Every structure is written in C-alpha cells, then in structure tokens.
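Inspection log for the structure reproduced underneath, given as structure tokens.
All values derive from a computational prediction rather than experimental measurement.
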Amino acid sequence: MPLNSQTRLLPLRQIELPILQVLPELKIRTDQDLDVWKSTKGYADYLLFLHRLSEAVVDYTASTSRSAIMIAPSLFDSSNSQEIDRILALLDTLSNWVDEIPPLQTPQRFGNLAFRTWGARLEERSDELLSKLLGEKFASASPYLRPYLITSFGSFLRMDYGTGHESSFAIFLLCLTLVRFLQPDPDEERHLVLSVFVRYLQLCWKLQDVYRLEPAGSHGVWGLDDYTFLGYIFGSGQLRNQTDITVASVLNPPLPQSNLYFMSIMRIHQVKHGPFYEHSSQLHSIAVGVPNWGKVHNGLFKMYEAEVLGKRVVVQHLPLGGLMEWDTHVDLRHAPSMSHNAPATADARAPWAHPR
C-alpha cells in the first residue's frame with residue numbers, strides 16, 4: 001500500500017460515555033484466540049491509531065529541555081492541551097515514586113524486589129491517579145482504563161518489561177482518545193508522540209535502570225530491541241519524507257535526541273557494549289540494507305504486527321474487551337494496516353527480519 005494512502009488517515013471513531021461494555025480481561029489463551037484478536041474492532045482501532053500517530057509526526061522533530069522532551073518551537077508553535085499536561089503530570093508522579101522507593105541493597109540476580117513495592121503503590125493508587133487525570137466528566141471511563149495503566153510499566157511478578165507493556169500504554173492512550181478525553185487531531189496526536197510517549201520512554205528507562213528489569217521475551221541479537229518497538233516506528237515516521245539524513249547515519253553515534261529512532265539507538269549504546277552489528281544485528285541490517293526511511297517505516301509496521309501483535313506470548317497479557325472491543329469484528333481486507341493487502345500465506349516479517 002502506498003505510504004500516503006488515505007486508508008491510514010480514516011477518522012478514529014468515538015465511544016460515547018457511559019460505557020456499556022464489559023470490563024477488559026485477559027482473552028488470548030490459544031492461537032485461535034490470537035486469530036480472533038486480529039479480526040476485532042479493537043485491533044483495527046489500535047492499528048489505525050498507530051498510523052495516525054505516525055502521520056502526525058512526519059517532518060517534525062523534538063528538542064530536549066532538562067528531563068522533558070518538547071516539540072521544537074521552530075517546527076511546531078503550539079502548546080500542550082490541558083489533557084496532555086495532565087498525562088505528563090501523571091507520568092512525573094510515577095517517576096517521583098521511583099525516587100521515593102530506592103532499590104533494595106540485598107543481592108538479587110534478576111530484577112530488584114523494590115519494583116514490586118513500586119508496582120503495589122501503582123495498583124493501590126491507580127483509582128486516585130485516574131480520578132485526578134480524568135475529572136468528573138470522564139470518571140466513568142476509569143475502570144476501563146485502569147487495567148492498561150497498571151500493565152504499562154512491566155510485570156511486577158516477573159520483574160520484566162517488554163513490547164507487550166509498551167503496547168498496553170499505547171492502548172491506554174487510544175482509549176483516552178476513543179472517549180474523546182484526547183482529541184484525534186494532528187496537533188494532539190503529535191504531542192502524544194513527541195511529548196507523552198517520549199516521557200513514558202524516559203520513565204520506563206528509569207525503571208529498567210533503577211530496578212534492573214529483565215527484558216520480557218527478548219529474541220536476543222535477532223530481536224529489534226530487548227525492551228521497546230514503537231519508538232522506532234514513530235522515529236522512522238518523523239524522517240520518512242526527507243533524504244538528507246540517511247538510514248545509515250545511525251551507525252555514526254552520537255545521534256541527535258530530536259528523533260525517537262535516534263533516541264532508542266542511543267539508549268542501546270548506553271546499556272550494551274561491543275560492536276553494534278553484534279548486539280543489535282536487526283538494527284544494523286536495517287542501517288546497511290534499507291535504502292530510505294519510507295521503506296524502514298513500512299517494514300517496521302509489518303514487523304510490529306507480526307512479531308508483537310501476532311505473538312501469543314506477547315499479547316496474552318493484554319486486557320481486552322471494554323473499549324478495546326472484542327465481540328465486534330471487521331473485514332481484515334479493510335483493516336487500516338499497511339500490510340493487510342499481503343496474501344495470507346506471505347511471510348509478514350519485514351524484509352530484514354530473517355536470521356542469517
């Protein structure tokens with residue numbers, strides 16, 4: 001499908017309050033459940049939402065200001081909405097909790113048990129956090145949002161974090177948009193990526209560093225990234241329409257923090273040592289083998305659908321139902337996915353996603 005296809009820019013539907021659906025719960029237990037999930041309205045809504053977020057940041061950059069990432073005024077002269085500011089304040093509160101709950105000093109090989117204390121506080125205070133975020137007007141949505149907020153930062157039992165938790169946070173933002181707490185317009189969607197999502201990544205990196213969280217279901221050197229994926233999609237989207245910055249430029253760090261792809265690459269350099277082509281072979285293959293950012297962006301969406309949303313081991317922990325409608329199904333041929341035109345038997349992985 002062409003990168004400028006209007007299919008990706010369909011309006012995101014609105015779900016009126018009060019919500020009448022059942023509360024979200026774990027639905028995916030078998031491979032058959034996984035096939036059902038891919039045909040649901042909730043799945044289609046999520047793909048459309050990700051495409052809209054990606055379109056909103058094309059040709060835009062971010063700039064750093066202390067611990068925050070703000071949209072560069074030279075490219076986007078607009079302030080956050082009150083709703084965006086409330087989400088940022090929520091994330092700042094969670095970040096402050098990390099400072100208040102230091103890691104335990106007792107020897108622990110995998111993860112630090114203090115992360116469970118942090119998670120217990122999140123579970124205990126989630127209703128309070130959501131009440132402050134939503135206000136009276138959107139208060140009835142709180143029970144439908146709580147499961148996604150709680151699962152956005154890692155598993156408190158396994159003390160790990162991965163792309164399923166990242167997807168849970170993206171779904172949290174989707175649900176806020178479906179009920180129109182957030183507005184599905186380009187300015188708001190741009191702030192969601194370049195302000196909110198970057199702040200979320202910073203918090204998750206802090207959690208990983210302080211509590212030494214393990215990667216959840218890592219593919220090792222054959223995976224794109226041990227912990228995250230969406231930053232690469234949004235970052236390649238930012239660069240999609242330009243040719244001055246080549247794909248191969250990621251091989252020459254340090255990289256500017258104005259782009260989510262570059263931020264994610266620099267994060268890898270902080271936590272991994274040795275040759276880049278050895279510890280991050282997928283990203284290296286992209287850098288040397290993909291000619292332009294449009295192909296990178298398209299390929300990463302395919303890879304995300306196949307390796308994250310299409311893997312039961314990842315999405316079985318996602319609460320579904322409620323705002324992420326499970327019982328309403330759509331024709332996959334008309335789903336807003338960049339890869340939906342591919343034959344069902346085709347390999348859905350990105351071109352570089354084949355181990356050598």
Side-chain angles (χ1 to χ4, degrees), residues 9-19 21 24 42 45-46 48-57 60 62-63 65-73 75-97 122 125-153 165-204 230-231 234 237 260 319 322-324:
L9 297 177
L10 291 171
L12 193 68
R13 69 197 180 100
Q14 179 176 359
I15 297 179
E16 299 285 347
L17 297 176
I19 304 161
Q21 291 96 332
D45 286 340
Y46 183 51
L48 174 59
F49 182 63
L50 293 182
H51 286 306
R52 290 182 60 88
L53 294 185
S54 295
E55 288 298 318
V57 298
Y60 285 86
S63 63
S65 174
R66 293 187 301 180
S67 62
I69 302 284
M70 301 301 292
I71 296 170
L75 291 178
F76 183 56
D77 187 13
S78 177
S79 59
N80 292 340
S81 68
Q82 184 180 56
E83 290 74 19
I84 293 287
D85 285 338
R86 287 183 187 176
I87 301 174
L88 293 173
L90 185 154
L91 293 173
D92 285 345
T93 296
L94 299 182
S95 180
N96 291 337
W97 290 358
L122 175 60
R125 302 187 186 179
S126 58
D127 289 336
E128 176 186 340
L129 290 170
L130 286 170
S131 177
K132 187 175 182 179
L133 173 70
L134 298 172
E136 184 177 351
K137 180 179 179 181
F138 295 94
S140 63
S142 181
Y144 298 88
L145 295 164
R146 183 178 183 271
Y148 300 111
L149 179 64
I150 290 175
T151 55
S152 289
F153 305 99
H165 305 107
E166 178 186 55
S167 297
S168 188
F169 184 73
I171 291 173
F172 175 72
L173 299 179
L174 164 63
C175 291
L176 287 172
T177 309
L178 287 173
V179 299
R180 292 305 187 265
F181 174 83
L182 297 167
Q183 298 305 310
D185 63 65
D187 282 356
E188 189 106 303
E189 291 164 340
R190 194 169 298 123
H191 277 296
L192 278 181
V193 176
L194 299 181
S195 294
V196 171
F197 189 76
V198 172
R199 190 78 62 91
Y200 165 76
L201 282 180
Q202 291 177 326
L203 170 57
C204 289
L230 291 177
F234 297 144
L260 273 80
L323 293 169
M324 285 292 288

**Message:** Is there a side-chain contact (heavy atoms from CB on, under 4.5 Å) between E166 and L201? Walk through the geometry before answering.
**Reply:** CA-CA 9 Å; E166 178 186 55; L201 282 180; 4.3 Å; yes
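Residues L90 and L149 meet the side-chain proximity criterion, which asks for heavy atoms closer than 4.5 Å. A 4.5 Å side-chain heavy-atom check between S81 and H191 finds every atom pair outside the cut-off. Counting only heavy atoms from C-beta outward, the side chains of L323 and L174 never approach each other to under 4.5 Å. With contacts defined as side-chain heavy-atom distances shorter than 4.5 Å, the pair Q202/L91 does not qualify. You'll find the side chain of L134 stays beyond 4.5 Å of the side chain of R86, heavy atoms only. Contact annotation: the side chain of L194 approaches that of L260 to within less than 4.5 Å [non-hydrogen atoms, C-beta and beyond]. Residues I87 and L176 have side chains in contact (heavy-atom distance under 4.5 Å, counting atoms from C-beta outward). Under the 4.5 Å side-chain criterion, counting only non-hydrogen atoms from C-beta, L182 is in contact with I84.
Nearest heavy-atom pair, N80 versus S195, reported as atom, atom and distance to 0.1 Å: OD1-OG, 3.9 Å. The two atoms that bring S168 and S152 nearest to each other are C-OG, 3.6 Å, heavy atoms only. Between M324 and G42, the shortest heavy-atom contact is CE-O, 3.4 Å. Between Y144 and G322, the closest heavy-atom pair is CD2-CA, 3.9 Å. Looking at every heavy atom in both residues, P184 comes nearest to R52 through O-NH2, 2.6 Å.
Looking only at distances, no side-chain donor or acceptor of Y148 sits under 3.5 Å from a matching main-chain atom of P24. A donor-acceptor contact shorter than 3.5 Å is absent between the side chain of S131 and the backbone of D127. Formation of a donor-acceptor pair under 3.5 Å by the R180 side chain with backbone atoms of E16 is not found in this model.
Distance CG/L10 to CG/L48: 6.0 Å, rounded to 0.5 Å. In this structure, the separation between CG on L129 and OG1 on T93 is 6.5 Å, given to the nearest 0.5 Å. The line from CD of E188 to OG1 of T177 is 7.5 Å long, rounded to the nearest 0.5 Å. Separation of atoms CG (L230) and OG (S167) is listed at 5.5 Å; rounding is to 0.5 Å. A distance of 4.0 Å separates OG of S126 from CD1 of I150, quoted to the nearest 0.5 Å. To the nearest 0.5 Å, atom CG of residue L12 and atom CG of residue D45 are 6.0 Å apart.
The aromatic rings of F138 and F181 lie perpendicular to each other, with more than 60° between the two planes, well past the 30° mark. The aromatic rings of F169 and F197 sit tilted, their planes meeting at an angle between 30° and 60°.
Aromatic pair Y46/F49: ring centres not closer than 6.0 Å.
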